[in-house]
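See structure below.
Lettering of chains follows the sequences in order, A, B, ..., and the numbering in each one begins at 1. Computed from a predicted model, the values in this text were never measured in an experiment.
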There are 2 protein chains.
Amino acid sequence: MGRTSDAKEKLLQVAFELIWQQSYGSVSVDDICERAKVKKGSFYYFFPSKSDLAVAAYEEHWQCNRPKYDRVFSPLVPPLERIDTYCKLLYEGQKAKQEKTGRVLGCPFASVGSELSTQDEKIRQKSQEMFDRMCKYLENTLRDAHKEGLIEKQDFSAKASAIFCLVMGMLLQAKVKNDSEVLRNLGPIVLQMIGATVPA
Amino acid sequence: MGRTSDAKEKLLQVAFELIWQQSYGSVSVDDICERAKVKKGSFYYFFPSKSDLAVAAYEEHWQCNRPKYDRVFSPLVPPLERIDTYCKLLYEGQKAKQEKTGRVLGCPFASVGSELSTQDEKIRQKSQEMFDRMCKYLENTLRDAHKEGLIEKQDFSAKASAIFCLVMGMLLQAKVKNDSEVLRNLGPIVLQMIGATVPA
DNA sequence: TGTTAATTTAACTAAACAGTCAACTAAACA
DNA sequence: TGTTTAGTTGACTGTTTAGTTAAATTAACA
């Protein structure tokens, strides 16, 4: 009953995109509403605050992209290929965004986590959640790689975390240098880090 | 001639500290002035804009801390010890700040670079400058380590950059988890990454 | 088709924002 | 000691901010 609307979804999409391209602090509720073609009253009909919208937008983005990650890190794919594909997708994704916007945007979760972790507890938690999710993909991959005799036994949890930190740092470097090419060779760097034979 | 003042220095210090603890976007010129006990008119007597103050504050912080870095990375210190000391100082620094403020703050340059690189070109450049400076310290260290036969020949520039990315990512992880303990074992992780023998 | 309830709208608030300015003050120095 | 000038002050502007509200609209459904 009552009327239907895609305003909520539009707000989530636009918010994610705008905050990624700029920053949480520099994007206003009015900006988001204007781009989403939604009036401010509707905004506050759907979301209690700007911060709540941001959290919802990031969760929505994760839910939309989860199938993609599941595919990349599928147990059906050879372990080291998963990592290489993941790195390639990161590079290509950043490059594509750079071509569209003129700017390397880095990791959206890292950016918002870095900006707001000391300020907004809900956003901090969402950032941490993403961190843990990605580390799990990597940890599983490392375990599988070990089972297949591709890498030595090691602390897989710690190593997965270190890999993800390296990747986040690389994305930050790309953003700060506004140069996606620093990500070109990411795959081999990560593979070497886990002691895998790097393909020529 | 004319009167003297430490208002400028106070503004630089307070701005750095506040932006580090919160974020660029959430700290207002009024906040900075209040904490520095300086009137807004004086602020704009010394700095043309908030963004210019931020750039100056970050440069000032680097100039003040440069002697410390020069000591840590001194050629008189054995190469691998330099890296270990650097990692220890990072851990202790973050821990100390956490005890004071209740929050892990991460790397101030990475935070501001991550927040503003797509927005403010001057801040982007300052961030990149810091990135390059730190990478130079690390690259020199790697070259010296190789000269002393401690590590294999490799692409030292690329490896230095990768190490710094790992470190930045680790600091981000600590901030997002609000847990400085993830940095405890940073030294060995980095040493293992360059193929050095990790001390027991 | 009439009722219901979900959504939309525009006009509103009150606070916070970055930045301005002309008049004032006081330290340095000749 | 008087002049110079670097620095201070507080009151100001116009804009932008997040968030509110009450009345209007419209799609779904019985």
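Closest approach of B/E115 to B/S23, counting heavy atoms only: OE1-CB, 3.5 Å.
Taking the side chain of A/S42 as heavy atoms from C-beta on, and the options C/dG19, C/dA6, C/dT9, the nearest nucleotide is C/dT9. Here the nucleotide nearest the side chain of B/R3, chosen from C/dA27, C/dA6, C/dA18, is C/dA27. Across D/dG10, D/dT8, C/dA28, the shortest atom-to-atom separation from the side chain of B/K39 is found for D/dG10. In this structure, the nucleotide among C/dT8, D/dA28, C/dA18 sitting nearest to the side chain of A/Y45 is C/dT8. The listed nucleotides are D/dG19, D/dG7, C/dT8; the one nearest the side chain of A/S49 is D/dG19. Checked against C/dA18, D/dA28, C/dT7, the side chain of A/T4 finds its nearest nucleotide in D/dA28.
Across every strand in view, C/dA30 sits in a pair with D/dT1 that passes the Watson-Crick or G-U test at under 3.5 angstrom. Within the shown strands, D/dG19 is the pairing partner of C/dC12 under the Watson-Crick or G-U definition, both distances less than 3.5 Å.
Ring geometry for A/Y137 against A/F73 counts as parallel: the plane angle stays under 30°, on a 0 to 90° scale with 60° as the upper cut.
Regarding B/D30, its CG atom lies at a distance of 16 Å from the P atom of D/dT17, rounded to whole Å. Following rounding to the nearest Å, A/Q119 (CD) and D/dA18 (C1') show an atom-to-atom distance of 16 Å. Computed from coordinates, the A/E9 CD to C/dA6 C1' distance equals 14 Å when rounded to whole Å. In this structure, the CG atom of B/L11 is 12 Å from the P atom of D/dT9, given to the nearest Å. To the nearest angstrom, C1' of C/dT8 lies 17 Å from NZ of A/K37. A straight line from CZ of A/F46 to P of D/dT20 spans 16 Å, rounded to a whole angstrom. Remark: C1' of C/dA10 and CD of A/E34 are 16 Å apart, rounded to the nearest angstrom. Atoms CG (B/D6) and C1' (D/dA6) sit 14 Å apart, rounded to a whole Å.
When each of A/G41 and B/K8 is assigned the nucleotide of DNA chain D with its nearest heavy atom, B/K8 is the one assigned upstream, toward the 5' end.
Contact annotation for B/F43: no contact, since no heavy-atom pair falls under 4.0 Å across all strands.
The side chain of B/S5 places no N or O atom within less than 4.0 Å of a non-bridging phosphate oxygen (OP1 or OP2) of D/dA6. Under 4.0 angstrom from either OP1 or OP2 of D/dT20 there lies no side-chain N or O belonging to A/Y44. An OP1 or OP2 oxygen of C/dC17 is reached within less than 4.0 angstrom by a side-chain nitrogen or oxygen of B/S28.
A/K10 is not listed as a side-chain neighbour of A/Q13, based on a closest heavy-atom distance of 4.5 Å or more.
For D/dA18, the base has a donor-acceptor partner in the side chain of A/K40 [N/O atoms by modelled type, under 3.5 angstrom].
In B/E34, the CD atom is not crowded: 12 or fewer heavy atoms of neighbouring residues, nucleotides or ligands sit closer than 6.0 Å. Counted within 6.0 Å of CZ on A/R184, heavy atoms from surrounding residues, nucleotides or ligands total 12 or fewer; the atom is thus considered open.
Residue B/F16 forms a ring-ring contact (aromatic ring centres under 6.0 Å, His included) with just one option from B/Y24, B/Y58, B/W62, and that option is B/Y58.
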